[in-house]
Amino acid sequence: MNHTNRTTPRNLPRIIGWTLASGLGATAIAVLGWSRGEPVNALWMVVAALCVFAVSYRFHSAWLMAKVLTLDELRATPAEVHGDGRDFVATNRWVVFGHHFAAIAGPGPLVGPVLAAQFGYFPGLIWMLVGATLGGAVHDSVVLFCSTRRRGKSLGAMVRDEVGPLAGALALVSIVAIMVILLAVLALVVVKALAESPWGLFTIAATMPIAVAMGLGMKATGHRRLAVVSVLGVLALLAAVWGGQFLPGTAFEALLTLEGTALAWWIMGYGFLASVLPVWLLLAPRDYLSTFMKLGTVAALGLTVIVLAPTLKMPAFTPFISGGGPVFAGPVFPFCFITIACAAISGFHALVASGTTPKLLARESHIRAIGYGAMVTEMCVGVMALIAACAMEPGQYFAINMTGPAEVVTAKATALGFPVTPAQMADLAASVGEKTMIGRTGGAPTFAVGMAHMFAGVVGSKAALALWYHFAIMFEALFILTTIDAGTRVGRFLMQDLLGAVWRPLGDTRSTGAGAFATGLFVAMWGWFLYQGVVDPLGGINSLWPIFGIANQLLAVLALALGTTVLLKMGRTRYLWTTLLPLGWLLAVTLTAGFMKIFSPAPLGFLASARGFSEKISAGGTEAEMSLWRAQLLNNQVNAAVTGVFLLLVAMVVLLNMRLWWELLVGRRERQLHEEPYIRVAEAKA
């Protein structure tokens with residue numbers, strides 16, 4: 001009783017403060033959700049995101065680390081026990097945060113929310129706030145924890161050890177196949193953004209020597225001069241962004257004006273180098289440097305929203321929540337939760353959290369800031385992207401994301417209830433220095449337009465709209481590339497897991513030759529799809545684009561199933577809901593989306609669309625029409641087959657996990673964990 005009287009007055013201001021923060025966040029969400037027809041200020045979105053970020057990190061992450069995972073500050077990490085100066089390198093916490101955040105926060109938190117804005121601003125907002133805290137942050141933290149205690153093993157290797165050889169083999173095949181698709185799609189986005197763009201390519205290319213210089217500087221000073229190295233690196237990056245505008249008319253312009261095929265080869269070469277070079281030399285410092293640009297730009301965007309206080313012109317809910325949207329087909333469930341992945345739950349994060357990041361951690365306690373903190377930070381990035389899209393004129397938003405002649409597109413958008421004219425779209429294109437903005441699908445141009453208008457609004461002049469627009473395009477390309485380099489390095493580890501089953505020496509991650517061979521093979525796999533997508537706009541990876549979101553979320557299903565198995569083996573039965581809740585939701589989402597994509601009527605269903613093109617081919621047409629229809633027939637058939645295979649493989653892995661859960665709960669199987677032996681920090685240093 002006396003203890004309570006002593007501590008309550010001291011804790012009272014803290015309790016009041018966090019109660020007010022929770023109440024303010026709830027109020028912001030209520031205002032956004034209940035508004036119908038009247039203008040809503042975008043500041044309410046910022047308030048909701050910041051309050052959810054603060055409260056979830058302060059309380060939920062602390063509980064997750066202390067009670068569910070029980071992090072041990074005295075336990076040595078793989079970077080300390082197996083440090084080799086190449087892959088296993090104990091690294092400053094904030095450098096690792098920068099690498100991890102840049103690797104996971106590629107185009108997803110920028111593009112996904114923009115595309116999902118066709119449903120209105122509220123479905124995407126709620127999914128990000130709830131999904132990131134109760135799903136994504138748990139997913140990332142649990143996988144990072146599991147890999148850290150297992151010598152930084154990949155997701156597939158951990159499934160093999162903890163669930164069984166069959167589940168591990170199925171998981172590895174699934175993960176490698178899905179990763180090939182994911183990286184090829186992301187690389188194709190970079191090619192589309194940087195082809196014939198010397199300014200953009202110059203900025204992206206400059207980050208590589210800058211990163212190498214930073215890596216050498218941090219290596220020489222032992223991170224004692226991290227602040228100095230960071231400041232110099234950021235200044236050099238800003239100089240590269242600014243200096244790109246002076247390329248026209250110089251000899252460098254022609255040198256940096258590359259066609260898509262040439263750029264594809266350069267991206268493959270970069271992916272190979274980023275994977276085989278020591279992690280401290282290029283990958284970690286480049287991702288750390290990129291994080292400054294991303295967080296700085298997003299923070300500037302947030303401040304811009306506060307200064308301008310723009311009105312959300314997109315309604316909370318549009319008529320397209322039941323399906324039939326012009327941006328992409330499908331209803332809000334399940335496709336909002338497939339379209340927005342990286343800002344809520346993303347399976348790709350599991351590959352980074354079981355690839356490069358666990359090999360860099362200096363302490364287990366850093367999992368909280370890196371695993372949980374990076375995820376909720378990415379949530380805030382996604383909310384900023386959603387604001388950028390929803391503060392635009394809805395008619396312009398839909399016209400940008402629809403294809404066809406200007407008159408047809410604008411007439412269709414107007415008929416849907418979002419008026420826009422061809423003249424307005426022509427003015428928009430001229431203001432950002434483009435020939436047209438109609439049909440600029442994919443989400444990135446929409447975000448760039450929204451961000452450019454906000455930044456131009458702060459200075460009170462639209463004269464710099466073109467500069468801000470191209471800055472935003474480069475900004476997005478920079479972070480897609482960081483996902484590619486980290487993903488390729490993770491893919492190398494996965495390939496070595498597979499190759500090691502064929503010939504043991506190829507599975508040795510300490511072997512430079514084996515690592516180079518696995519990297520070359522993996523780059524060749526995603527590079528082939530990339531090249532086909534560049535040379536044939538109707539083939540290659542473009543045929544697999546519609547299943548990108550489903551494939552990504554299926555990875556999260558695998559990771560959460562593994563996390564549940566590990567928690568059960570650790571005796572954390574009472575906390576299994578932390579992973580089972582998001583796992584159950586994602587299973588419902590991905591299975592529903594997969595079956596709808598395969599079996600629904602056209603234009604959503606692959607098989608129905610394939611039958612339609614087959615009928616057109618049978619009826620006959622011009623040679624050009626027949627060629628187009630044959631390509632689209634094949635694309636839909638490939639989409640259906642690949643989606644079905646992915647669903648089957650992941651379902652089999654989940655069922656094998658569920659069988660193991662039952663055996664563990666009824667006592668038929670011993671709760672044996674496959675962790676590395678416990679070594680104290682002092683012993684590792686000795």
Side-chain angles (χ1 to χ4, degrees), residues 79 85-86 89-106 190 194 199-247 252 256 266-267 270-271 273-275 277-301 352 356-357 359-362 366 369-370 373-374 377-378 381 470-486 488-489:
R86 186 167 69 99
V89 183
T91 307
N92 178 278
R93 171 171 50 180
W94 300 115
V95 174
V96 181
F97 177 93
H99 154 70
H100 184 80
F101 178 77
I104 66 172
V190 176
L194 297 181
W199 184 355
L201 184 56
F202 171 77
T203 302
I204 300 301
T207 63
M208 299 171 195
I210 294 172
V212 170
M214 289 180 65
L216 292 171
M218 288 187 284
K219 183 76 170 178
T221 61
H223 299 290
R224 293 188 303 274
R225 302 290 184 183
L226 179 61
V228 175
V229 173
S230 301
V231 170
L232 292 176
V234 170
L235 290 176
L237 177 60
L238 293 176
V241 175
W242 175 77
Q245 62 184 309
F246 301 110
L247 287 173
F252 292 103
L256 294 171
W266 279 107
I267 291 175
Y270 169 71
L273 287 176
S275 177
L277 288 176
V279 70
W280 59 266
L281 182 60
L282 176 60
L283 185 67
R286 186 184 181 280
D287 290 352
Y288 174 65
L289 176 66
S290 300
T291 296
F292 280 103
M293 189 174 185
K294 187 156 198 173
L295 292 181
T297 303
V298 171
L301 186 58
V352 180
T356 52
T357 303
K359 299 176 178 64
L360 303 177
L361 288 181
H366 295 175
I370 295 165
T377 302
E378 188 180 37
V381 174
H470 287 93
F471 170 81
I473 291 293
M474 290 184 291
F475 165 76
E476 292 174 284
L478 177 66
F479 282 88
I480 298 171
L481 204 58
T482 59
T483 304
I484 292 171
D485 57 28
T488 300
R489 198 173 188 97

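- For the residue pair Thr356 and Arg489, the shortest heavy atom distance occurs at CG2-CD, 3.5 Å.
- Using modelled atom types, one side-chain atom of Thr488 and one backbone atom of Ile484 make a donor-acceptor pair closer than 3.5 Å.
- Shown here for Phe101 and Glu378, the closest heavy-atom pair between the two residues is CE1-N, 3.8 Å.
- Contact detail for Leu256 and Leu201: the closest heavy-atom pair is O-CD2, 3.2 Å.
- Taking NE2 of His366 as the start and OG1 of Thr91 as the end, the distance is 10.5 Å to the nearest 0.5 Å.
- Formation of a donor-acceptor pair under 3.5 Å by the Arg93 side chain with backbone atoms of Ala362 is not found in this model.
- Met214 and Pro285 make their closest contact through CB-CB, 4.1 Å (heavy atoms, listed as atom of the first residue, atom of the second, distance).
- The two atoms that bring Val89 and Ala79 nearest to each other are C-CB, 3.7 Å, heavy atoms only.
- Using bins of under 30°, 30° to 60° and over 60° for the plane-to-plane angle, the ring pair Phe97/Trp94 lands in the perpendicular bin.
- In this structure, Ala240 and Ala206 approach most closely via the heavy-atom pair CB-CB, 3.6 Å.
- Every residue meeting the side-chain contact (heavy atoms from CB on, under 4.5 Å) condition with Leu216, not counting sequence neighbours, appears here in chain and number order: Val212, Trp280, Leu281.
- Of the inter-residue distances, the one linking His100 atom NE2 with Thr357 atom OG1 reads 5.0 Å to the nearest 0.5 angstrom.
- Within 6.0 Å of atom CZ in Phe252, 12 or fewer heavy atoms from other residues, nucleotides or ligands are found, so the atom counts as exposed in its surroundings.
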